[in-house]
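Take a look at the structure set out below.
Each residue takes its place number in the sequence, starting with 1.
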Amino acid sequence: QGLVELCLVAEELGRAAAPDPFLPTAVVGLAVVTSGSGELRETVLPQLAGGSAAAAWALAEPGGGWTAESVRATAVRDGQGFVIDGRKTAVQDADHATWLLVTALLDGEPVSFLVDRGTPGVTVRRQKTLDETRAFHEVRLEAVHVPETRLLGRTAAPTRRLCDAAAVL
């Protein structure tokens with residue numbers, strides 16, 4: 001759905017204080033809809049919509065904010081795609097996510113990649129929080145190889161729009 005429909009669902013879930021992975025999954029779904037390839041949309045979206053898979057957005061970093069400008073993780077091109085290195089914090093529901101939307105700097109611009117949580121080099125560790133009803137995690141990415149087809153947008157514009165949409169939700 002679009003942002004308006006997602007806001008309606010978010011409002012109702014908030015009214016019920018539902019402890020589900022709606023927000024991170026909706027944000028990742030929105031990123032795939034707006035910036036993913038047709039093949040990626042056909043693979044990911046039915047699973048997210050059907051509830052057989054969940055996703056999480058790995059944006060924030062230690063000492064940084066929830067903005068595209070605070071990203072320090074890096075992505076560099078290699079022969080078959082990209083290699084991502086970095087550390088993310090406060091990644092909601094990362095332990096149950098099938099995919100992580102990882103925002104990293106590529107050629108100095110913040111862009112996002114859809115990474116399978118089980119990819120070698122990805123480590124997820126639960127963080128201690130005051131609100132034990134929500135699960136937040138640290139995600140470490142050490143030489144994580146990601147294929148070219150998992151890049152969502154080639155400029156910073158889609159990531160900045162996603163930051164705006166997430167703030168609204």
Q | Of T119, V102, L106, the residue whose pairing with I84 passes side-chain contact (heavy atoms from CB on, under 4.5 Å) | A |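 The option that passes is V102.
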Q.
I need the single residue from D78, L151, V115 that forms a side-chain contact (heavy atoms from CB on, under 4.5 Å) with V146. Which is it?
A. V115
(Q) For a quick test of reading the model, state the closest non-hydrogen atom pair linking R41 to V33 and the distance between them. (A)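 Heavy atoms of R41 and V33 come nearest at CD-O, 3.7 Å.
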Q: List the atom of V83, the atom of A143, and the distance in Å for their closest heavy-atom pair.
A: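 Taking V83 first and A143 second, the nearest heavy atoms are CG1-CA, 3.6 Å.
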Quick one: side chain to side chain donor-acceptor pair (under 3.5 Å) partners of [X], sequence neighbours excluded?
| X | result |
| --- | --- |
| R160 | E69 |
| R161 | none |
| T155 | none |
| D116 | W99, R150 |

Q: Would you check, one step at a time, whether the test side chain to side chain contact (heavy atoms under 4.5 Å, CB included) holds for L141 with V122?
A: CA-CA 5 Å; L141 304 121; V122 174; 4.1 Å; yes
Q.
Keeping Q127 on the side-chain end and T89 on the backbone end, is there a donor-acceptor pair under 3.5 Å?
A. no
Q. Does anything in residues 48-59 pair up under side-chain hydrogen bond (donor to acceptor under 3.5 Å, both in side chains), and if so which pairs, sequence neighbours excluded?
A.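 Every side-chain hydrogen bond (donor to acceptor under 3.5 Å, both in side chains) pair that includes a residue of residues 48-59, provided the two are not neighbours, is W57-T103.
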Q: Assess the side chains of T123 and E142: does a donor N or O sit below 3.5 Å from an acceptor N or O?
A: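 Per modelled atom types, T123 and E142 side chains form no pair under 3.5 Å.
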Q.
Tell me which pairs pass ring-ring contact (aromatic ring centres under 6.0 Å, His included) where either residue lies in residues 63-91, with sequence neighbours left out.
A.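 Pairs touching residues 63-91 that pass the test: F82-F113.
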Q) Roughly how far apart are T25 OG1 and H96 NE2, rounded to 0.5 Å? A) 11.5 Å
